[in-house]
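Chain A is the first sequence line, chain B the second, and so forth, proteins listed ahead of strands; every chain is numbered from 1. These numbers were taken from a predicted model, which means no experiment stands behind them.
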Number of protein chains: 2
Amino acid sequence: MAASKPIERLTLSTLVAERLRGDILAGTYLPGQQLHEVELALALGVSRGPLREAMQRLVQEGLLTSIPHRGVFVVDLSEDDLRDVFFVRASLEEAAVRRIVSGGTRSATAKLLHGIADRMDKAMRAGDSAVGGDLDFAFHRTLVDGAGSARLSRTYATVQAETRLCLHRLMGGYRRRADLALEHVRLADLIASAPLDAVLEELHRHFGDPAATLRRSLKDSDGAAEDTTR
Amino acid sequence: MAASKPIERLTLSTLVAERLRGDILAGTYLPGQQLHEVELALALGVSRGPLREAMQRLVQEGLLTSIPHRGVFVVDLSEDDLRDVFFVRASLEEAAVRRIVSGGTRSATAKLLHGIADRMDKAMRAGDSAVGGDLDFAFHRTLVDGAGSARLSRTYATVQAETRLCLHRLMGGYRRRADLALEHVRLADLIASAPLDAVLEELHRHFGDPAATLRRSLKDSDGAAEDTTR
DNA sequence: GATTGTCGGATTGTCAACAATCCGACAAGT
DNA sequence: ACTTGTCGGATTGTTGACAATCCGACAATC
């Protein structure tokens with residue numbers, strides 16, 4: 001007999017949090033939009049208690065903001081927020097890279113990253129930006145997971161969620177760029193065997209300058225296939 | 001007339017979260033201890049709803065862990081947890097140092113840090129380890145705050161809280177070491193004007209090896225004035 | 001016209017009651 | 001003796017009702 005995992009129990013508040021997180025990240029709600037408890041509880045078929053608990057979680061994750069006695073609102077991220085998100089994301093990814101390159105997970109991580117980069121290349125060639133975008137996120141998440149630090153990964157998840165919000169809010173979504181997948185392949189190559197400095201340099205190049213990316217994005221609002229970093 | 005700040009509204013759940021956080025960090029509850037909702041709500045004079053919301057927050061902060069239908073427990077941190085906490089803390093502090101040294105907050109941050117280090121020195125000379133310990137935490141928090149990143153500071157706060165838990169759980173509290181305050185003075189000096197590499201090197205030295213620190217702490221359980229890092 | 005005061009409606013915050021879950025103790029069956 | 005089934009008690013999870021808060025609209029006053 002195969003060994004089994006314990007059955008995972010999920011409270012209603014957990015399920016509600018997951019649903020809301022997905023909807024927020026999918027852009028279902030406008031930035032700054034208020035989530036009305038009574039209306040939302042009715043729509044989800046739950047009472048307000050678990051909904052409040054769920055929203056509390058998302059407030060902690062940075063996706064919602066709560067004003068006592070006024071309500072809970074979807075965050076409205078500014079250009080400064082974008083800069084901050086990118087700064088923290090970059091810091092976390094760098095920390096992960098430092099650990100991966102100096103530790104025992106280097107080749108395993110590179111292998112996973114190569115897998116994702118290849119699938120991302122295929123998706124891009126097939127013109128499927130949505131899948132490509134998801135794989136882009138997965139690439140970076142896998143990179144951070146490669147450090148083997150639960151807390152680093154958990155922190156990264158929240159910041160990555162905010163990145164998605166920034167994409168919707170400030171940049172009009174994930175955009176395809178011709179060589180984006182190849183950049184990821186290159187990163188995976190470097191992570192496999194390059195010196196730390198070379199990896200970090202490429203990572204920096206890969207991120208670019210968030211503000212400049214934003215400005216280009218706003219100028220090219222009719223979609224000139226310009227880069228949007230993840 | 002002086003300009004006034006808006007009056008801050010606090011929900012009961014916020015107040016409960018703050019109280020619980022303080023009590024947990026003060027070691028009021030044993031590692032792994034269950035917090036019983038009915039009993040605790042009675043003791044705090046609130047209903048279970050706000051208490052549940054508060055506990056949800058602390059679960060997100062990593063101080064509590066929730067098992068559906070079983071209850072909420074104070075986290076029981078292992079040696080691996082200690083390593084992880086220290087790794088993430090160090091990563092965040094490094095990221096802060098990189099930004100401070102390359103940005104415009106260098107001298108202001110160093111000034112604040114010097115102030116704290118001096119007060120810490122005085123407290124240590126006066127034999128007041130508790131104040132010294134609090135100042136030690138404040139030093140590092142101020143260092144991270146100097147990066148001017150709200151998200152970095154917020155993340156650091158949660159990891160620092162876990163550090164305090166580790167101290168209680170695994171190391172028997174904050175211990176005084178003769179030259180600890182001077183180490184902080186030295187760090188503040190380096191942050192004021194040294195090259196990045198020198199600052200980072202001293203920061204690494206300052207942290208030491210968490211596992212070795214733990215082992216020394218367990219061996220010296222009768223208190224040989226050995227270092228406990230923050 | 002500007003300022004102050006009042007009120008009602010919408011919404012959030014809290015509470016207490018009931019439902020659901022889980023675990024341990026005990027009984028029954030093999 | 002070991003395994004399976006049942007039940008009760010303790011606790012958590014959810015619900016709906018009531019309390020509290022806030023804001024905007026409107027009236028009254030200067």
- Message: Applying a 4.0 Å non-hydrogen cut-off, can you work out what B:Val38 is touching in the nucleic acid: base, sugar-phosphate, or nothing?
- Response: base
- Message: Just to be sure I understand the rule, does B:Gln34 reach a base, reach only the sugar-phosphate, or reach nothing, if contact means heavy atoms closer than 4.0 Å?
- Response: sugar-phosphate
- Message: Applying a 4.0 Å non-hydrogen cut-off, can you work out what B:Leu40 is touching in the nucleic acid: base, sugar-phosphate, or nothing?
- Response: nothing
- Whole-Å distance, A:Arg48 CZ to D:dT15 C1', equals 11 Å
- Message: Can you list everything that forms a side-chain contact (heavy atoms from CB on, under 4.5 Å) with B:Arg48? Sequence neighbours excluded, please.
- Response: B:Glu37, B:Val38, B:Ala41
- Query: Residues two or more places apart in sequence or in another chain: which of them pass salt bridge (charged side-chain N to carboxylate O under 4.0 Å, His left out) with A:Arg106?
  - Reply: none
- Message: Could you tell me the boundaries of the chain B footprint on DNA chain C, defined by atoms under 4.0 Å from its heavy atoms?
- Response: C:dG13 to C:dC23
- Provide, to the nearest angstrom, the distance between the CD atom belonging to A:Glu53 and the P atom belonging to D:dT15. 11 Å
- Message: Test of understanding: with side-chain contact (heavy atoms from CB on, under 4.5 Å), list the residues that count as partners of B:Thr28, not counting sequence neighbours.
- Response: B:Asp23, B:Ala26
- Item | B:His184-B:His114 aromatic ring centre distance below 6.0 Å | no
- With a non-hydrogen cut-off below 4.0 angstrom, is A:Gly49 in contact with a base, only sugar-phosphate, or nothing? base
- Item | Nearest-angstrom distance from the residue atom NE2 of B:His36 to P of D:dG13 | 13 Å
- Item | G-U wobble or Watson-Crick pairing nucleotide for D:dC30 (cut-off 3.5 Å, both distances) | C:dG1
- Query: Considering residues at least two apart in sequence or located in another chain, which fulfil the side-chain contact (heavy atoms from CB on, under 4.5 Å) criterion with B:Ser153?
  - Reply: B:Val144, B:Asp145
- Task: Could I get the full list of side-chain contact (heavy atoms from CB on, under 4.5 Å) partners for B:His36, not counting sequence neighbours?
- Result: B:Gln34, B:Glu39
- Message: Whole angstroms only, please: what is the CG-P distance between A:Leu44 and D:dT14?
- Response: 13 Å
- Task: Select from B:Gly71 and A:Gly45 the residue whose nearest nucleotide in DNA chain D is closer to the 5' end of that strand.
- Result: B:Gly71
